A.B. asks: 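Pasting in a structure now, in structure tokens, and then I'll have a few things to ask.
Quick note: numbers below take in every heavy atom, side chains included, and nothing from hydrogens, waters or symmetry partners. Lettering of chains follows the sequences in order, A, B, ..., and the numbering in each one begins at 1. Just so it is clear, the structure is predicted and the values come from calculations on it, not from any experiment.
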Amino acid sequence: MSNSAFEKVYNPAVVEDKWGKFWLAEELFKARVDSEKSAFSIVIPPPNVTGSLHMGHALNVTLQDILVRYKNMKGFNTLWLPGTDHAGIATQNVVEKLLADEGLDRQSMGREKFLERVWLWKEQSGDTITNQLKRLGASCDWSRERFTMDPGLSRAVRHAFVLLFKKGLIYRANYMTNWCPRCHTALSDLEVDFKTVHGKLYYIRYPGEQGADVLVATTRPETMLGDTAVAINPSDKRFAGWEGKRVSLPLTGRTIPIISDKMVDPEFGTGAVKITPAHDFNDFEVARIHNLPFVRVISENGSMSEDAGERYRGLDRIECRKAVVKDLEAIGLLDRVEDYTHNVGCCYRCETVVEPTVSLQWFVRVAPLAEKAIDAVKRNRTSIIPEMWEKTYFEWMYNIKDWCISRQIWWGHRIPAWHCNECGAVTVELDDPERCGQCESMHLTQEEDVLDTWFSSALWPFSTLGWPDSTRELEVYYPTSVLVTAFDILFFWVARMMMMGLEFMDDVPFRHVFIHALVRDVEGYKMSKTRGNVIDPLEVMEKYGTDAFRFTLTALAAQGRDIKMSEERIEGYRNFINKLWNTARFIHLNLGGFKEGDPEPDCVEDLWILSRLGKTVRGVTEAFDEYRFNEAAGLIYQFLWHEYCDWYVEISKPYLIGDMGDREKERKQIILVFVFGTVLRLAHPIIPFVTEEIWHSLPGERGSLLLERFPEFDENVVDEESEVEMNYLISLIRAVRHLRRELNIPPGYFAKVRLRGGMLERVKKMETVVKRLARLESIDYLPEGAVVRNEASSVAEDTDIFLPIKGVLDFKAERERIEKAIAKLMRERKGLVDKLSNSEFVMKAPEGLVNTTRAREEEIGRKLERLNVNLQLFTE
RNA sequence: GGGCGGAUAGCUCAGGUGGGAGAGCACCAGCCUUACAAGCUGGGGGUCACAGGUUCAAAUCCUGUUCCGCCCACCA
């Protein structure tokens, strides 16, 4: 490309479009299943097929992309498998809303028509999210994209269901589950969110024999219609002897027994609890123990059922509550109503208040599966990073309850079970059965329910690789190397993949689980549409560029803390990308006469920059290997900007102008390009677009950075000696600048400086450079012991710096300046002296530490000596 | 109720195995120095929440306290 395309300000749009297309066209993301190289594989956490990119995806995908690009460059046979999730309830809700706008509903359409409609919607919107991922630069092998309802994956689901069923790990039972009356389906425990509600506590009187009334309290008065007992605590003296008595249940004409059970908390409410076995988890358990009848008064759509009685039947549960309260009041049995704050379970998809209800559902018996999943993490077959999440994982796994997997919706994998119309037996087979397994009847009806979305997600790491067939893909890429996800689906997904992977593949689904942060807004709140604090990743990419956005996410992705995202931060890192861009511009402007060659460092700054580069390579590599993404970003930022640009580039300028001869110029050019190219390779996993663009603009034959080898750390480049020398020069230049500033010498004025002591040979060698960086006209070198009067002074390490100023020197100001410097050093030295005079420190601390402490103390001592000498000159 | 985090500069945070308190942004001052004003140079600013303890040495390890956040459970 021509240099003219290098504008002062980086314009990401064109560059991103160009390389995004290039990578796809060249098929650089394709996994080579037959490769000899060792494998590195990731399956993407499949986003909802109808979703669109939010901050959480952006972070998740960026981190995975970094790993995949990095491992690619490290020479691995990488696979990053993309795909989407059918997201049963969520998607069905979306389509139902669309239908509602057209005045339609799914019931009247029928199952088949409705599903056609959902598929249509899926086809229309399914590409949105994947296109957005491509926009982010995700290096997925798109040819292997999967969808949880693909034929292949559906087959895997069926296989898994049948195997679990035959093993007795799936059963069907009448059991208490959470029921969402709006979605019209059962939900698993995890799919219920509890919300704090300011409601009422109603005290209701149940009349007993001979005026021995019982007062009960409830937040859901309508459920009283389904009460079949009142429970008291056996040790509660207030109710001694009441057990076995009967009370009449108002509004129903029924009488119910008083039972005793230690589940009742005598401290709470009235000490007597109404028992509604069909609509409360605790009451359900109590009823089973005490053999109480179940009266189901709320039906599937949330309205009152026939058993609620003629008067209430058909009323919505909320309406019914009002009616019941009114009726109780009318007959004087509503004792009182109190304000009451409590938690109410709501559907995680539509936020409707769920009703615990007894119904016939399918469950996975998880205890035996959980045991293996616990063991695998305990034995580090899978490790969770950061480690603290392992505790959460164990905590949940130990208390796991059976998993309700049937949903009464239509969008999903239909449960492969057939009910016999004659004997009622259930037949579950891999192929659709023609006859009942029990009575051979041919009159079979397939189960209406579909499976929980998370059932298919649980198989994702191997169903996407071809299971249940034995494929080459499974052989090469399973177990996957790492799963990258946020903690909010640790239970929903990660835990269940562990269980299923171990069950069906007999091995863990991934070696590592990296749990990253949640992205929040500046205030630390979760981003949500209702809160209106959402930052749209697409807008960010539009405004600041994808690389700037990715770099921001990476730099903020410290382990263990959530990310507070703000535009300000993105702007800061956008500036970094621009800095990188302008570094490239600078290099291009100075490539005149460039000849390719190997770096031949022969002076301090060359050795220094290569040494620093080496250490940066080492640091970034370690950081990537240990998922410390923010550290990698920080190291690159620091090196490129504050070492390479601030110092090496600045130092190289006189060379590039030609002041030091052609040979030296070439040498600098080669090192400049070499170091910069190495930085581009280091940074490519984080900021792929801009690095690719710049990389191709550098001289020489250059293929895609993706095919380049990631820099290797070579310890031979580490050169402590030149680092010490450079640090000396840097502090010398800084001291001169500082001095100029304090003396108010205008930046444009070239001053004269005289130096005494220290590494003056070093300075002489680099005089041109030092003069340029410190803006000096000349440097004089004084012999040690030379007396200087009437000049402002400073000390850098063990060099005295003198700066004559025009006119009369302000003795007082000068004295104060030096005294200030002395005071600062004295404070620093005191700490060191205290340590060194402590015999225990000298005895017990490691020798190296004692030595460096002593050396530092001596260094400060020398500096102080010099300052004191200078101070003398102003106190006479 | 059970569990897990966090508290470090004005703000947002970094500080693997204890050994010189850091970054970015913001702020102050001065600069369009021929890559970059999305830049350059210099500067100010912190009892590392509080109280104890271990240690020659604690932001870092231990105990307790306070305040914030989150997860699980769901108490009628």
Side-chain angles (χ1 to χ4, degrees), chain A residues 6 8-10 189-190 192 194 201-202 216-220 223 231 263-265 267-276 280-283 340 342-345 386 388-389 391-392 394-396 399 487-488 490-491 518 520 522 524 526 544 548 555-556 558-566 568-569 571-590 622 626 628 630-631 634 637-638 642 645-646 649-650 653 657 734 737-742 744 746-748 772-773 775 828 831-832 835 838-846 848-850 852-853 856:
Chain A
F6 273 82
K8 272 192 178 184
V9 171
Y10 173 57
D189 298 338
L190 282 176
V192 177
F194 284 88
L201 188 58
Y202 301 86
V216 296
T218 180
T219 53
R220 300 184 296 159
T223 62
M263 147 268 186
V264 179
D265 176 7
E267 304 294 315
F268 189 88
T270 61
V273 187
K274 57 191 277 307
I275 300 295
T276 321
D280 182 281
F281 279 87
N282 285 318
D283 296 0
Y340 188 64
H342 62 133
N343 291 330
V344 175
M388 72 179 204
W389 291 108
K391 284 183 187 167
T392 311
F394 288 134
E395 197 64 30
W396 189 71
N399 299 310
F487 73 86
D488 54 348
L490 186 61
F491 307 140
L518 247 39
R520 299 171 179 279
V522 201
K526 232 173 168 167
Y544 299 100
L556 298 181
Q559 290 182 10
R561 206 192 281 229
D562 286 347
I563 293 177
K564 291 183 192 166
M565 177 60 65
S566 71
E568 225 172 47
R569 294 305 287 255
E571 207 177 302
Y573 291 113
R574 186 268 319 264
N575 295 353
F576 172 72
I577 302 294
N578 196 234
K579 185 77 179 179
L580 185 72
W581 182 252
N582 276 289
T583 312
R585 282 186 70 214
F586 172 80
I587 287 176
H588 277 285
L589 293 172
N590 288 287
E622 284 173 4
E626 292 165 40
R628 295 199 311 272
N630 60 314
E631 209 164 294
Y637 185 104
Q638 171 68 25
H642 297 303
C645 288
D646 285 357
V649 166
E650 290 306 322
K653 281 177 179 172
I657 292 164
R734 288 210 163 126
R737 287 170 176 169
H738 183 72
L739 191 58
R740 294 175 60 113
R741 192 78 183 82
E742 291 208 310
N744 275 320
R772 184 190 168 92
L773 295 183
R775 311 222 101 209
E828 200 180 332
L832 299 174
K835 267 188 192 174
N838 179 344
S839 62
E840 282 195 282
F841 171 74
V842 180
M843 256 160 52
K844 293 182 183 172
L849 182 74
V850 177
T852 55
T853 308
R856 225 166 57 228

A.B. asks: So what does A:P746 touch, heavy atoms closer than 4.0 Å: a base, only the sugar-phosphate, or nothing?
C.D. replies: nothing
A.B. asks: Could you work out, with side chain to side chain donor-acceptor pair (under 3.5 Å) as the rule, every residue matching A:E840, not counting sequence neighbours?
C.D. replies: A:K844
A.B. asks: Of all residues at least two apart in sequence or in a different chain, which pass the side chain to side chain contact (heavy atoms under 4.5 Å, CB included) check with A:L849?
C.D. replies: A:F841, A:A845, A:P846, A:T852, A:T853
A.B. asks: What residues form a ring pair (Phe, Tyr, Trp, His ring centres under 6.0 Å) with A:Y340, not counting sequence neighbours?
C.D. replies: A:H342
A.B. asks: Using whole Å, what does the distance between atom C1' of nucleotide B:G39 and atom CD of A:E571 come to?
C.D. replies: 14 Å
A.B. asks: Out of B:C56, B:U33, B:C36, which nucleotide sits closest to the side chain of A:N582?
C.D. replies: B:C36
A.B. asks: Regarding A:R574, tell me which of base, sugar-phosphate or nothing describes its non-hydrogen contacts under 4.0 Å with the strands shown.
C.D. replies: base
A.B. asks: In whole Å, I'd like the distance from the CD atom of A:E626 to the P atom of B:G16.
C.D. replies: 12 Å
A.B. asks: Specify the glycosidic conformation (syn or anti) of B:G16, with syn defined as within 90° of 0.
C.D. replies: syn
A.B. asks: Of the listed nucleotides (B:G16, B:A35, B:A29), which one gets closest to any side-chain atom of A:R741?
C.D. replies: B:A29
A.B. asks: Determine the stems involving RNA chain B; a stem requires 3 or more consecutive pairs of the Watson-Crick or G-U wobble kind, each with both distances below 3.5 Å, and the answer is none if no such run exists.
C.D. replies: B:1-7 with B:66-72, B:10-13 with B:22-25, B:27-31 with B:39-43, B:49-53 with B:61-65
A.B. asks: Show me the protein contacts with nucleotides 61-63 of chain B, counting only N or O atoms at under 3.5 Å.
C.D. replies:
none

A.B. asks: Just to confirm, is there a sub-4.0 Å distance from OP1 or OP2 of B:A37 to any side-chain nitrogen or oxygen of A:K579?
C.D. replies: no
A.B. asks: Could you pull out all residues at least two apart from A:E828 that satisfy side chain to side chain contact (heavy atoms under 4.5 Å, CB included)?
C.D. replies: A:L825, A:I860
A.B. asks: Suppose we screen for ring pair (Phe, Tyr, Trp, His ring centres under 6.0 Å). Which residues come up paired with A:Y544, at least two apart in sequence or across chains?
C.D. replies: none
A.B. asks: Roughly how many Å apart are B:A26 and B:U65, using the C1' atom of each and rounding to a whole number?
C.D. replies: 34 Å
A.B. asks: Between protein and nucleotides 20-26 of chain B, what N or O pairs are separated by less than 3.5 Å?
C.D. replies:
unit_1: B:C25; atom_1: O2'; unit_2: A:E568; atom_2: OE1; d: 3.3

A.B. asks: Starting the side chain at C-beta, find the nucleotide from B:G30, B:C56, B:C36 nearest to A:E840.
C.D. replies: B:C56
A.B. asks: C1' atom, B:A9 versus B:G5: distance in rounded Å?
C.D. replies: 23 Å
A.B. asks: Name all residues meeting the ring pair (Phe, Tyr, Trp, His ring centres under 6.0 Å) criterion together with A:Y202; count only those two or more places apart in sequence or in a different chain, and write none if there are none.
C.D. replies: none
A.B. asks: Tell me, please, which residues at least two apart from A:F491 pass ring pair (Phe, Tyr, Trp, His ring centres under 6.0 Å).
C.D. replies: A:W396
A.B. asks: Could you encode protein contacts along nucleotides 2-9 of chain B as a string, one character per nucleotide from 5' to 3', using B for base contact, S for sugar-phosphate-only contact and - for no contact, with a heavy-atom cut-off of under 4.0 Å?
C.D. replies: --SSSS--
A.B. asks: Could you list the protein-to-nucleotides 72-76 of chain B atom pairs, N/O on both sides, closer than 3.5 Å?
C.D. replies:
unit_1: B:C74; atom_1: N3; unit_2: A:N343; atom_2: ND2; d: 3.2
unit_1: B:C75; atom_1: OP1; unit_2: A:N282; atom_2: ND2; d: 2.8
unit_1: B:A76; atom_1: OP2; unit_2: A:Y340; atom_2: OH; d: 2.5
unit_1: B:A76; atom_1: O3'; unit_2: A:T218; atom_2: OG1; d: 3.0
unit_1: B:A76; atom_1: O3'; unit_2: A:T219; atom_2: N; d: 3.1
unit_1: B:A76; atom_1: N6; unit_2: A:D265; atom_2: O; d: 2.6
unit_1: B:A76; atom_1: N6; unit_2: A:F268; atom_2: O; d: 3.1
unit_1: B:A76; atom_1: N1; unit_2: A:D265; atom_2: N; d: 3.2

A.B. asks: With heavy atoms under 4.0 Å as the rule, sort A:K8 into base, sugar-phosphate or nothing.
C.D. replies: sugar-phosphate
A.B. asks: Categorize A:R628 for me: base, sugar-phosphate, or nothing, with a 4.0 angstrom heavy-atom threshold over every strand shown.
C.D. replies: base
A.B. asks: Touch check for A:R585, heavy atoms < 4.0 angstrom, all strands: base, sugar-phosphate only, or nothing?
C.D. replies: sugar-phosphate
A.B. asks: Between atom CG in A:L518 and atom P in B:C70, what is the gap in whole Å?
C.D. replies: 11 Å
